[in-house]
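Lettering of chains follows the sequences in order, A, B, ..., and the numbering in each one begins at 1.
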2 protein chains.
Amino acid sequence: MSMPLPQPYCNSSTNFEMSARADNDKETQKQRREECNGVQGKAEHLNGAAVTAAGTAALVSLKADADYFRGYSTIHIHEEMLTDQIRTNAYKHALYENAKHLRGSTVMDVGAGTGILSIFAVQAGVNKALAVEACEIAEQARLIVKENKMEDKIDIIKKTVEEFELTEKVDAIISEWMGYCLLYETMLPSVLRARDKFLKEGGLMFPSKATLYLAPVHDEDLLKRVNFWNEIENKYQVSMKCMKSIAEATFTADADIRVIPPEAVQAHAADLCSLDLMTATPEDVQSVKSSFQFKCFGHTIINGFISWFTVEFPGGRILSTSPYKEATHWAHTVFSLQKPFPVRQDTEINGIFSLKPHPRNHRCVEVEIAFTVDNQESQRQTFSLHNTCPGRQLHNEDRLIPDLPRKTLDCTKSSLENGGSSPIQERSSKYGKKNSNAMKIY
Amino acid sequence: MSMPLPQPYCNSSTNFEMSARADNDKETQKQRREECNGVQGKAEHLNGAAVTAAGTAALVSLKADADYFRGYSTIHIHEEMLTDQIRTNAYKHALYENAKHLRGSTVMDVGAGTGILSIFAVQAGVNKALAVEACEIAEQARLIVKENKMEDKIDIIKKTVEEFELTEKVDAIISEWMGYCLLYETMLPSVLRARDKFLKEGGLMFPSKATLYLAPVHDEDLLKRVNFWNEIENKYQVSMKCMKSIAEATFTADADIRVIPPEAVQAHAADLCSLDLMTATPEDVQSVKSSFQFKCFGHTIINGFISWFTVEFPGGRILSTSPYKEATHWAHTVFSLQKPFPVRQDTEINGIFSLKPHPRNHRCVEVEIAFTVDNQESQRQTFSLHNTCPGRQLHNEDRLIPDLPRKTLDCTKSSLENGGSSPIQERSSKYGKKNSNAMKIY
């Protein structure tokens with residue numbers, strides 16, 4: 001037997017306390033930990049306490065933020081982001097390509113992490129980068145800025161962007177806020193609040209647009225894992241077919257993050273929504289509700305949907321997490337179906353995709369997909385993307401916590417026909433016609 | 001950005017509640033959950049409560065057991081164990097090879113999981129297998145036994161082996177109790193208690209012996225991850241060398257589980273201890289303390305030690321997790337050094353390896369390695385193997401919990417010379433002479 005070990009990023013002893021330890025200065029160490037644990041501390045001292053129903057929502061929110069900020073206090077996540085050259089170079093070249101707009105300007109880097117985007121901005125010619133980072137990685141960012149001799153150009157501000165104040169406005173806001181399924185982590189509202197507070201009129205947003213896509217898939221990897229239980233008989237001469245239903249139930253219970261090969265995709269993608277980051281409001285981007293329509297390529301079994309996203313920078317550069325492009329650290333978000341169904345060429349799948357903050361953790365998302373196949377069979381399935389890092393699981397007892405009411409933006413056809421309009425534009429289209437346009441910008 | 005998602009086995013909604021759900025019978029579901037959560041429940045209802053110092057140790061122990069049993073209530077861990085054909089076939093063939101001893105006998109399978117070892121035992125000719133499994137997987141094991149038409153031969157007993165009573169004794173005990181670094185999970189004491197309570201005199205243990213090994217390594221994968229921060233400059237024209245020390249501190253803070261290639265091993269392995277499972281007591285196997293001596297193969301930098309283990313079955317079949325053999329799901333336990341050191345041919349490394357239950361979770365282990373190089377430089381480093389699954393992290397606040405006194409078996413040379421003797425035999429040897437014998441049984 002072998003029980004799983006924790007993921008490295010979940011390891012409380014491997015965060016940036018290390019950097020403090022290297023100081024060999026216990027006072028600095030203590031102070032740093034207190035600073036870093038700002039949000040964490042607030043939530044953690046409440047952990048063991050009995051909580052009234054009234055205080056629950058605030059506590060849940062505080063705990064979610066604590067986990068979120070602690071997650072970015074480990075080296076592993078920064079290693080992963082910098083290893084992703086598709087991601088990092090998209091920002092680098094988008095900034096370089098906008099050198100004529102950026103030269104001599106002031107930019108704000110929201111959630112700066114190691115500060116690499118601020119450094120790219122300075123390399124592109126900005127006069128001042130305000131690197132706002134609440135997490136302990138800010139201390140390392142200070143050292144990195146020094147190492148690159150950019151102390152006069154980059155100010156590291158160890159605060160949340162909500163806590164930060166500034167007398168003058170900035171010319172551009174840079175931020176890498178995208179999570180799995182685009183909105184997981186719910187960082188975008190903070191970026192949009194920063195835009196409203198700090199960005200000059202006519203200032204630039206990096207990125208400036210974001211689009212979320214959905215496509216039906218024939219997911220062979222899932223089938224292999226389910227059929228594993230059929231194969232026990234061939235392997236060991238012991239039958240375990242009864243485990244197959246458990247495997248199916250397990251793998252379809254929640255969304256999964258995996259790289260799906262392009263040949264798995266069984267119809268042109270639907271673009272669920274496009275966010276204009278110059279105009280969207282923080283409230284707008286909390287939730288998505290959008291219709292989709294697919295016309296299948298040919299004979300196959302559909303056993304899931306996948307979502308991915310693109311973001312666009314000023315000047316038109318696209319960062320894409322599409323299965324038709326080289327994989328990024330975001331991979332694809334896989335929604336595996338409890339009831340796979342057969343399709344033939346031109347089978348129509350019509351449905352509604354809804355994404356909203358998880359009722360038990362506002363940093364996580366919950367997705368519902370409801371659809372019909374050739375206007376006959378109908379299915380509705382709910383998936384969670386849980387954020388448990390580092391080490392705080394959504395336990396069964398948390399289900400006692402009530403669902404908080406949240407604004408959901410309805411992008412379905414009927415709501416739009418009824419006069420709905422919004423920065424999240426419905427772009428889902430019939431039978432891949434508009435979808436095939438969407439394909440061009442992958 | 002992209003925060004990590006939980007490991008599937010850490011996902012509370014993907015455990016065997018699924019199987020209950022499939023029943024479409026809410027009462028059965030509730031009942032099953034209550035049964036399955038026996039130990040979990042006891043610990044969990046205490047979670048939010050304020051705890052006195054006096055009750056802390058018992059609570060910690062209860063929580064550790066809760067996490068442990070819950071871990072085995074997901075399909076993922078059983079998939080992983082059955083995917084490991086080296087592991088599973090070792091048991092299968094060991095049982096088949098002992099057919100003449102097993103025919104018509106009664107065996108007990110401790111921690112039976114899916115029940116596959118009991119099924120192998122029946123295939124090998126036993127008359128009755130008592131499959132003891134406390135976790136919810138026991139319900140699935142019942143279905144698997146039925147599917148294989150062995151209801152008359154295999155009794156599934158949904159209890160811990162400590163809770164189980166029996167009037168007659170059994171002819172053999174089968175158990176796959178081995179964890180990372182052999183003793184992680186601390187399941188062996190339960191198996192030995194079952195032996196003392198249930199095994200006939202002269203009965204067989206599967207496995208009957210276990211040996212833990214240690215070897216110094218030149219671990220290139222670690223170097224690559226540390227040097228990643230040097231390479232940022234080549235990748236992006238941004239210098240991040242200051243991150244290297246954080247990476248080093250992070251990766252050397254705890255033990256890691258990875259497959260290490262055989263060419264990384266830089267001396268003949270030392271066998272830290274050999275457990276005779278016919279005679280060792282539950283108290284004996286809680287801790288290991290053993291000296292080791294290596295004579296290095298040649299010029300290199302040593303940046304860590306790795307441990308692995310073998311177990312031996314009656315008749316002599318060996319299941320090995322050695323780097324010289326095909327990898328298993330146990331991989332190797334890697335202890336990365338804060339201060340790597342150079343060696344040349346015949347450089348001697350002398351030291352003491354200590355393993356004990358983690359003070360904050362008796363299912364986890366803490367390892368200390370103290371050593372000198374050519375009797376000059378000395379180092380001492382402590383490593384934890386944390387069990388955080390599913391989702392219960394050892395938080396900083398847990399450090400307030402006092403260290404519990406535990407028996408440690410001293411296998412160091414001096415203690416043995418002073419008349420110490422024990423079923424954990426010291427087999428560490430000078431300059432690879434006895435080590436090279438040890439190598440034969442990998």
Side-chain angles (χ1 to χ4, degrees), chain A residues 1-7 9-14 18-19 22 48 50 71 75 79 81-82 85 88 92 114 116 119 140 143-144 147-148 176-177 179-180 185 228 232 235-236 238-243 245-247 249-250 253-254 257 329-330 386-391 393-397, chain B residues 1-7 9-14 18-19 22 44 48 50 71 75 79 81-82 85 88 92 114 116 119 140 143-144 147-148 176-177 179-180 185 228 232 235-236 238-243 245-247 249-250 253-254 257 329-330 386-391 393-396:
Chain A
M1 301 204 178
S2 65
M3 287 286 282
L5 279 180
Q7 287 297 298
Y9 37 68
C10 289
N11 194 328
S12 60
S13 66
T14 57
M18 288 304 159
S19 115
I75 201 166
E79 181 185 322
M81 290 192 292
L82 293 171
Q85 291 192 253
T88 310
K92 175 176 168 172
T114 54
I116 196 166
I119 293 172
Q140 284 306 119
L143 298 177
I144 289 166
E147 191 175 323
N148 289 276
E176 200 276 80
W177 51 265
Y180 301 126
E185 297 188 43
F228 169 80
I232 300 290
K235 274 195 215 310
Y236 302 120
V238 172
S239 179
M240 291 207 185
K241 290 188 181 66
C242 67
M243 291 290 282
S245 62
I246 306 283
T250 302
D254 285 309
I257 304 298
H329 78 295
W330 285 285
H386 290 299
N387 171 10
T388 64
C389 182
Q393 193 70 22
L394 298 172
H395 286 293
N396 284 337
E397 58 267 34
Chain B
M1 299 206 180
S2 65
M3 287 286 282
L5 280 180
Q7 287 297 300
Y9 37 69
C10 289
N11 195 327
S12 59
S13 66
T14 58
M18 288 303 158
S19 115
E44 282 177 359
I75 200 166
E79 180 185 322
M81 290 191 293
L82 293 171
Q85 291 191 252
T88 311
K92 174 176 168 171
T114 54
I116 196 165
I119 293 173
Q140 285 306 118
L143 298 178
I144 290 166
E147 191 175 323
N148 290 277
E176 199 276 80
W177 51 265
Y180 301 127
E185 297 186 41
F228 169 80
I232 301 289
K235 276 196 214 310
Y236 303 120
V238 171
S239 180
M240 290 206 186
K241 290 189 181 66
C242 67
M243 291 290 282
S245 61
I246 306 284
T250 302
D254 286 309
I257 304 297
H329 78 296
W330 286 285
H386 290 298
N387 171 10
T388 63
C389 185
Q393 193 72 21
L394 299 171
H395 285 293
N396 284 335

Side chain, backbone, both or neither: which part of Phe228(A) has a heavy atom under 4.5 Å from chain B?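 For Phe228(A), the contact with chain B is made by the side chain alone.
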
For Ile144(A), which atoms come within 4.5 Å of any heavy atom of chain B: side chain, backbone, both, or neither?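 For Ile144(A), the contact with chain B is made by backbone and side chain together.
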
Spacing of CE belonging to Met243(B) relative to OG1 belonging to Thr114(A), to within rounding of 0.5 Å: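 With rounding to 0.5 Å, CE (Met243(B)) is 6.5 Å from OG1 (Thr114(A)).
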
So, [X] side chain and [Y] main chain: donor-acceptor pair closer than 3.5 Å or not?
{"X": "Gln85(B)", "Y": "Lys235(A)", "answer": "no"}
{"X": "Thr88(A)", "Y": "Met81(A)", "answer": "yes"}
{"X": "Tyr236(A)", "Y": "Ile116(B)", "answer": "no"}

With chain B as the partner, which of Lys241(A), Lys92(A), Glu79(A) has the greatest number of non-hydrogen pairs under 4.5 Å?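 Ranked by heavy-atom pairs under 4.5 Å with chain B, first place is Glu79(A).
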
